[in-house]
A.B. asks: 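This is the structure I want to talk about, given as structure tokens.
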Amino acid sequence: MSSTSTSLSSHSGGESRELVLPDSPPPFSVVTEHWQNQLDIPKYNAEENYSFGEIYEEAMFKLIHKHLELDTHERFAYVGSNKGSLAEKIKEKFCLLQPMVNIFPGLIHYEETPGQKLLPFRISHVGAEEYFRQLSERLGKNDEAPFDKILLKDSVEHFTNPAETFVHIIRTMAPMGRLLIIHRPGPMSTLPMFTEAHKKFVAEDSEEPYAKIIKNLQSVHVDVKWEIETLPIVMPKVKWLSMLKEQFPPQMEAISRAQIATGIRELTEGMLKYQGEEVEFFDRLLFVTATHPLVENGFPSIQRCGALAHRPFPGISEMKYSLKITPDIHKMVEGIENRAKESSKVMH
């Protein structure tokens, strides 16, 4: 450590002595400015930059198998953004023999304001909404549904009319088919996000809460199961910063690049400052599965995965039951009544 010498006069004797003051390191603010300028965020290729890594994807495939039960011979439709799409990897992992349909979820155009914030403009009747509407309307009463399994990943927020879209999706699903929705609820997010992004995610889910997904499915009269799952993520710290810089995960597209640049600085000087080269965290996701009611003319079941399979419908307790009295039952009832009368006479 170098030092700077300065002389001070002594009040007692007038003698001067040297006071040694440190001139390095510079003040804290200068250190951070210098370190920020030296921060090198590499640019990854598209496939790597929009992937949470092999550990994450293997956990994701296991959960897809658990909730969707995708088989090799089944007709499969994948709805999701091009960024981080798992369509081709699912096709290879599950050895799908039938042609897979890959559908873009929709289009939200963001316009930047003078305050460097983005305002969303939803373009209706495009992507998955329009695709399933047209496909559903073309199906005749006796036509076979085209899909056995359907996966919606980070897609529901693109729908302008989710309830109506679910009607069309369920219409295109085989009688024993299954729909899986994978959604990242803002209030439950455990990703290391900066303050502005976290506020944005929570605010959006407050307007369109994740519970609304289940309510919209309930209005379609399907059996629904849901579960919160956590997936492990292990990656270099600079890769996570690079993903944020490229507006990934998809929710980051609602954050302006200026806000992201400020947010990256917040992370590097905050929660990620004292981390090593690699970081480990979890991604918390909502998995919702929907199927046609298993019992014809039965009530739809809405429950959490692992709960009891049969629960009474909310209004079923108010129903009146009637039982036809056969001669055998009539004899038993008549005998009970006679015994009751006799016991009553004895008491009196």
Side-chain angles (χ1 to χ4, degrees), residues 32 35-36 39-44 46 48-53 55-57 59-60 63 80-86 105 108 110-113 115-120 153-158 181-213 228-287:
T32 56
W35 190 82
Q36 180 71 22
L39 180 62
D40 182 22
I41 300 178
K43 193 170 182 65
Y44 297 86
E48 191 176 6
N49 206 57
Y50 302 136
S51 169
F52 285 122
I55 296 175
Y56 179 91
E57 290 178 356
M60 175 65 77
L63 290 173
S81 173
N82 292 332
K83 281 185 177 182
S85 173
L86 295 175
I108 300 179
Y110 291 96
E111 194 70 32
E112 189 167 352
T113 65
Q116 295 181 332
K117 293 187 177 182
L118 299 181
L119 293 177
K153 184 176 183 295
D154 297 325
S155 302
V156 179
E157 56 267 28
H158 290 269
I181 300 171
I182 302 178
H183 178 65
R184 182 179 289 109
M188 295 185 185
S189 177
T190 52
L191 299 178
M193 292 290 186
F194 48 90
T195 305
E196 192 65 34
H198 183 70
K199 286 180 180 178
K200 180 71 175 176
F201 296 161
V202 173
E204 285 187 350
D205 251 312
S206 297
E207 296 172 2
E208 295 289 334
Y210 55 90
K212 196 172 183 180
I213 298 174
I228 301 294
E229 303 280 9
T230 55
L231 295 86
I233 301 176
V234 181
M235 65 171 61
K237 179 168 58 178
V238 289
K239 183 185 176 184
W240 173 245
L241 298 176
S242 176
M243 293 170 73
L244 294 178
K245 191 176 179 181
E246 294 299 321
Q247 294 179 295
F248 187 83
Q251 291 84 352
M252 290 297 298
E253 293 178 354
I255 310 295
S256 70
R257 294 193 176 275
Q259 290 173 318
I260 290 175
T262 304
I264 289 176
R265 176 169 181 175
E266 177 189 325
L267 291 176
T268 55
E269 296 181 5
M271 67 173 70
L272 298 182
K273 181 175 182 180
Y274 299 105
Q275 297 286 343
E277 294 298 322
E278 284 199 341
V279 289
E280 298 183 19
F281 48 95
F282 291 91
D283 189 14
R284 186 179 294 169
L285 299 173
L286 175 68
F287 282 69

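Heavy atoms only: backbone and side chains are in, while hydrogens, waters and symmetry mates are out. A quick note: this is a predicted structure, and the numbers were derived from the prediction, not measured.
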A.B. asks: State the CD1-CE distance between Ile55 and Met235, to the nearest 0.5 angstrom.
C.D. replies: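 Here the interatomic distance stands at 10.0 Å.
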A.B. asks: Can you check whether Pro249 reaches Leu191 side chain to side chain, under 4.5 Å on heavy atoms?
C.D. replies: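 Yes, their side chains come closer than 4.5 Å.
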A.B. asks: Going by heavy atoms in the side chains, are Glu277 and Pro236 under 4.5 Å from each other?
C.D. replies: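 When only atoms from C-beta onward are counted, Pro236 and Glu277 do not touch, as no gap falls below 4.5 Å.
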A.B. asks: Is any side-chain heavy atom of Leu86 less than 4.5 Å from a side-chain heavy atom of Glu57?
C.D. replies: yes
A.B. asks: Between Ser256 and Gln259, is any side-chain donor less than 3.5 angstrom from a side-chain acceptor?
C.D. replies: yes
A.B. asks: Closest heavy-atom contact between Val156 and Ile181?
C.D. replies: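 Heavy atoms only, the tightest pair is CG2-CG2, 3.5 Å.
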A.B. asks: Determine whether Leu286 and Ile182 make a side-chain contact, defined as any pair of heavy atoms from C-beta on separated by less than 4.5 Å.
C.D. replies: no
A.B. asks: What do the steps show when you test Lys200 against Glu196 for salt bridge (charged side-chain N to carboxylate O under 4.0 Å, His left out), and what is the final call?
C.D. replies: CA-CA 6 Å; Lys200 180 71 175 176; Glu196 192 65 34; over 6 Å; no
A.B. asks: Once ring-ring contact (aromatic ring centres under 6.0 Å, His included) is applied, do any residues pair with Tyr56, and if so which ones, sequence neighbours excluded?
C.D. replies: Phe52
A.B. asks: With side chain to side chain contact (heavy atoms under 4.5 Å, CB included) as the criterion, how do Leu63 and Phe287 come out once you've worked through the C-alpha distance, each side chain's angles and the decisive distance to 0.1 Å?
C.D. replies: CA-CA 9 Å; Leu63 290 173; Phe287 282 69; 3.8 Å; yes
A.B. asks: By ring-ring contact (aromatic ring centres under 6.0 Å, His included), which residues pair with Phe281, not counting sequence neighbours?
C.D. replies: Trp240
A.B. asks: Output the distance between atom OG1 (Thr190) and atom CG (Leu285), rounded to the nearest 0.5 Å.
C.D. replies: 8.0 Å
A.B. asks: Just to verify, what does Glu280 make a side chain to side chain contact (heavy atoms under 4.5 Å, CB included) with, not counting sequence neighbours?
C.D. replies: Val234
A.B. asks: Ignoring hydrogens and geometry, is there a side-chain-to-backbone donor-acceptor pair from Ser189 to Pro187 under 3.5 Å?
C.D. replies: no
A.B. asks: Show, in sequence, the C-alpha distance, side-chain angles and deciding distance for Gln251 and Glu157, and conclude whether the side chain to side chain contact (heavy atoms under 4.5 Å, CB included) test is met.
C.D. replies: CA-CA 10 Å; Gln251 291 84 352; Glu157 56 267 28; 4.3 Å; yes
A.B. asks: Taking side chain to side chain contact (heavy atoms under 4.5 Å, CB included) as the test, write out the residues that go with Lys245, two or more places apart.
C.D. replies: Ile264
A.B. asks: Roughly how far, to the nearest 0.5 Å, is OG1 of Thr262 from CZ of Phe194?
C.D. replies: 8.5 Å
A.B. asks: Applying side-chain hydrogen bond (donor to acceptor under 3.5 Å, both in side chains), can you list everything that pairs with Ser81, at least two apart in sequence or on another chain?
C.D. replies: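 In terms of side-chain hydrogen bond (donor to acceptor under 3.5 Å, both in side chains), with neighbours along the sequence ignored, Ser81 is linked to no residue.
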A.B. asks: In the structure I gave you, are the side-chain heavy atoms of Leu244 and Ile255 within less than 4.5 Å of one another anywhere?
C.D. replies: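 Of all side-chain heavy-atom pairs linking Ile255 with Leu244, none is under 4.5 Å.
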A.B. asks: Would a 4.5 Å heavy-atom cut-off, applied to side chains only, mark Pro105 and Asp154 as touching?
C.D. replies: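 The answer is no; the side chains never approach within 4.5 Å.
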A.B. asks: Calculate, to the nearest 0.5 Å, the distance between atoms CG and CG belonging to Leu241 and Leu272 respectively.
C.D. replies: 6.0 Å
A.B. asks: Scan side-chain atoms only and decide if Thr230 and Asp283 contain a donor-acceptor pair under the 3.5 Å cut-off.
C.D. replies: no
A.B. asks: Quick one: list whatever passes side chain to side chain contact (heavy atoms under 4.5 Å, CB included) with Thr195, sequence neighbours left out.
C.D. replies: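 Thr195 satisfies side chain to side chain contact (heavy atoms under 4.5 Å, CB included) with Lys199, Glu266 once adjacent residues are dropped.
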A.B. asks: Compare all side-chain heavy atoms of Gln247 with those of Lys83 and state whether any distance is below 4.5 angstrom.
C.D. replies: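 A side-chain contact under 4.5 Å exists here.
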A.B. asks: Where is the tightest heavy-atom contact between Lys239 and Gly53, given as atom of each residue plus distance?
C.D. replies: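 Distance-wise, the nearest heavy atoms are NZ-N, 4.4 Å.
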A.B. asks: How many angstroms lie between atom OG of Ser242 and atom NZ of Lys237, to the nearest 0.5 angstrom?
C.D. replies: 14.5 Å
A.B. asks: Is there side-chain contact between Met252 and Glu246, with heavy atoms separated by less than 4.5 Å?
C.D. replies: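 No. Closest side-chain heavy atoms not under 4.5 Å.
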